[in-house]
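Quick caveat: nothing in here was measured; it's all calculated off a predicted structure. All residue numbers refer to positions in the sequence shown, counting from 1. Values below: every heavy atom of this structure, side chains too, minus hydrogens, waters and symmetry copies.
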Amino acid sequence: MIQYIKPVKVQTGTIVTPPDKSISHRSAMFAAISDEKSLIHNYSPAADPQSTLSCLKQLGVKIEVNGTGVQIYGAGRDGLRIPEMPLDCGNSGTTMRLLGGIVGGAGIRCELIGDASLSARTMKRIIDPLNKLGCRIKGKNGDYAPLHVSPHDGLNGMRYPLPIASAQLKSAVLLAGLFSDEPVEVIEHVLSRDHTERLLNLKSENFGNGKIISSSSSHVIPSQNYTVPGDFSAAAFWLVSGTIHQNASLLLKHTGINPSRIAALRILEEMGASIHVENSKMEGKEPVADLRVESAELSSIDLDPAFIPNCIDELPVLMVAMCFAEGTSKITGAEELRHKETDRLSAMAEILTLAGASVELEKDGITIHGKRNFKPKAALFPSYHDHRMAMAAAILATKSLKKSEILDAECTAISYPDFWSHLDQISS
Ligand code: S3P
């Protein structure tokens, strides 16, 4: 599908931020291995979290869906069944990596498969530590999906310092740890999103500047009864859009503001954005709020690499903001972007260049020479079949003086099925 993007003059209105992808995946997986029944409200209808639900059903978990309400009858740690068909994780890295930890830990004979993009993403980062724990997982060429999981002879304990700041890796090890009689500890020096620890009530203590988080088979897996907060990573597109458009005022309701996710908010504020956090409250274990954003003049920023794990999914749209920020902005220490649904560093450099921005691509980042009055050239933008590339290109294109096109625009359904209608609803 080609999506046409018309120039936008005014952007106003209210958007209810769509349900969080990371929390949706986790709520379903954790409910599935709990001993109790869970009722999850506002479960994401996006393709990735739906892949998680269908994999869990194949593992024998009873799930009833009623709109965005999902009732899950926990099968318990020992209740998962050997699936008859490969578990299709689609485009979802979180499904493959977290579920890999669960089926690997439970020793369920199965195969995890994914689409072309997921099959090209490294899985060695989870295969190696999980096998060290005693799991039996084999990847294609030792690294890629399909992953073949076999029963194991028991898991050992482990103290594992994370070699990369990745919540998916951290979660995979901790989830497998739930099947080990010995303590499994993960040492995290750079803190990544902490939904797994929060939603499972895992024990964590400070360790130097980081944390040590532990799990084991004696940990009680809680039921998951709450409303999934809105996805800050989806809201980030509107935070940037509302900032760079001159006549803009947007209210983003019910947005998750977990501190491990919102570095982009702080970064935009440091660049000069006007964002107000209103009506903060807790939704289960997670904080939510309404975010109000208004037009603002931005200045460039030299991003502190320490922020990267807490804005990894927002970096593409932050690069769009940097094109409109006066001066030279720099992102470094973001090599992980090359391992996402596509190589997001190269893809964004191409998208920004197509629009006429002045950028230099580096091995682990990008330099962007921005101007407040930057007028992007209208173009035919590739999406690389990557939802966040399509949405970032769209926000950029709304600032052009002529109509642009986004190729394979249906990929936004991976995380945000209503993105195009929301863009239409707030733009004139
Ligand atoms: C996610 C973690 C991040 C993020 C992804 C979702 C999660 O990946 O990019 O979209 O839900 O744990 P990494 O753990 O690979 O950084």
Side-chain angles (χ1 to χ4, degrees), residues 5 232-245 261-273 275 293 296-377 379 381-384 386-400 404 406 411-412 415-416 419 423:
I5 308 288
F232 179 82
S233 301
F237 291 98
W238 309 124
L239 290 180
V240 169
S241 196
T243 299
I244 61 179
H245 280 284
R261 291 286 296 279
I262 58 164
L265 197 155
R266 306 284 165 241
I267 291 163
L268 285 168
E269 280 178 339
E270 205 180 315
M271 293 171 77
I275 302 170
V293 57
E297 305 228 301
L298 295 180
S299 303
S300 60
I301 190 165
D302 191 348
L303 213 75
D304 180 349
F307 281 139
I308 300 290
N310 308 115
C311 64
I312 189 76
D313 291 340
E314 295 70 64
L315 285 172
V317 79
L318 283 174
M319 293 179 203
V320 172
M322 288 169 181
C323 293
F324 300 90
E326 197 63 37
T328 297
S329 293
K330 266 183 193 294
I331 297 175
T332 50
E335 219 260 331
E336 269 296 300
L337 277 185
R338 296 196 183 273
H339 305 292
K340 297 295 175 188
E341 285 82 330
T342 188
D343 171 348
R344 288 183 175 163
L345 271 181
S346 300
M348 279 310 295
E350 279 172 33
I351 287 172
L352 300 180
T353 305
L354 265 176
S358 163
V359 310
E360 285 131 40
L361 177 63
E362 321 285 350
K363 190 170 162 285
D364 69 339
I366 193 165
T367 301
I368 298 175
H369 305 283
K371 276 196 186 325
R372 280 196 192 132
N373 62 358
F374 174 56
K375 279 285 160 232
K377 284 194 263 180
F381 291 104
S383 67
Y384 308 85
D386 179 330
H387 52 130
R388 296 199 204 281
M389 297 302 93
M391 294 188 278
I395 300 300
L396 178 66
T398 59
K399 286 284 288 180
S400 174
S404 289
I406 313 283
C411 64
T412 53
S415 65
Y416 196 164
F419 179 79
L423 175 61

Please tell me if the side chains of I351 and Y384 come closer than 4.5 Å, counting only heavy atoms from C-beta onward. yes

Measuring from K330:NZ to H369:NE2, what's the distance to the nearest 0.5 Å? 7.5 Å

Write down the atom of S233, the atom of R388, and the distance for their closest heavy-atom approach. CB-NH1, 3.7 Å

Considering all heavy atoms, the nearest E335-K363 contact: CG-O, 3.9 Å

Can you name the closest pair of heavy atoms from E362 and R338 and give their distance? O-NH2, 2.9 Å

Pair I312-E336, side-chain contact (heavy atoms from CB on, under 4.5 Å): steps then yes or no: CA-CA 8 Å; I312 189 76; E336 269 296 300; 4.0 Å; yes

Pairs in or reaching into residues 234-243: which pass side-chain hydrogen bond (donor to acceptor under 3.5 Å, both in side chains), with residues at least two apart or in two chains? Q11-S241, W238-Y416

Could you walk me through whether T332 and L303 pass the side-chain contact (heavy atoms from CB on, under 4.5 Å) check? CA-CA 7 Å; T332 50; L303 213 75; over 6 Å; no

Where is the tightest heavy-atom contact between I244 and K399, given as atom of each residue plus distance? O-NZ, 2.7 Å

Under the ring-ring contact (aromatic ring centres under 6.0 Å, His included) rule, what pairs show up with a residue in residues 334-360, not counting sequence neighbours? none

In short, P376 meets L396 closest at the heavy-atom pair CG-O, 3.5 Å

Taking the side chain as every heavy atom from C-beta outward, state whether S383 and M391 have any pair of such atoms under 4.5 Å apart. no

Is any side-chain heavy atom of L315 closer than 4.5 Å to one of L345? no

Check whether any side-chain heavy atom of M322 sits under 4.5 Å from a side-chain heavy atom of M271, and report yes or no. yes

Flag yes if more than 12 heavy atoms outside K371 fall under 6.0 Å of its NZ atom; otherwise flag no. no

Side chain proximity check, M348 to I368, heavy atoms < 4.5 angstrom: no

Got a donor-acceptor contact below 3.5 angstrom from the S300 side chain to the E326 backbone? yes

Would you say that H387 contacts F419 through its side chain, given a criterion of any heavy-atom pair below 4.5 Å between the two side chains? no

Please determine whether a side-chain nitrogen of the Lys or Arg among D386 and K340 lies less than 4.0 Å from a carboxylate oxygen of the Asp or Glu. no

Check whether any side-chain heavy atom of L423 lies under 4.5 Å from a side-chain heavy atom of I5, and answer yes or no. yes

Please check: side-chain N/O of S404 versus main-chain N/O of A379, any donor-acceptor pairing under 3.5 Å? yes

So I262 and N310, do their side chains get closer than 4.5 Å, heavy atoms only? no

So, for A264 and F232, which heavy atoms are closest and what is the spacing to 0.1 Å? CB-CE2, 3.9 Å

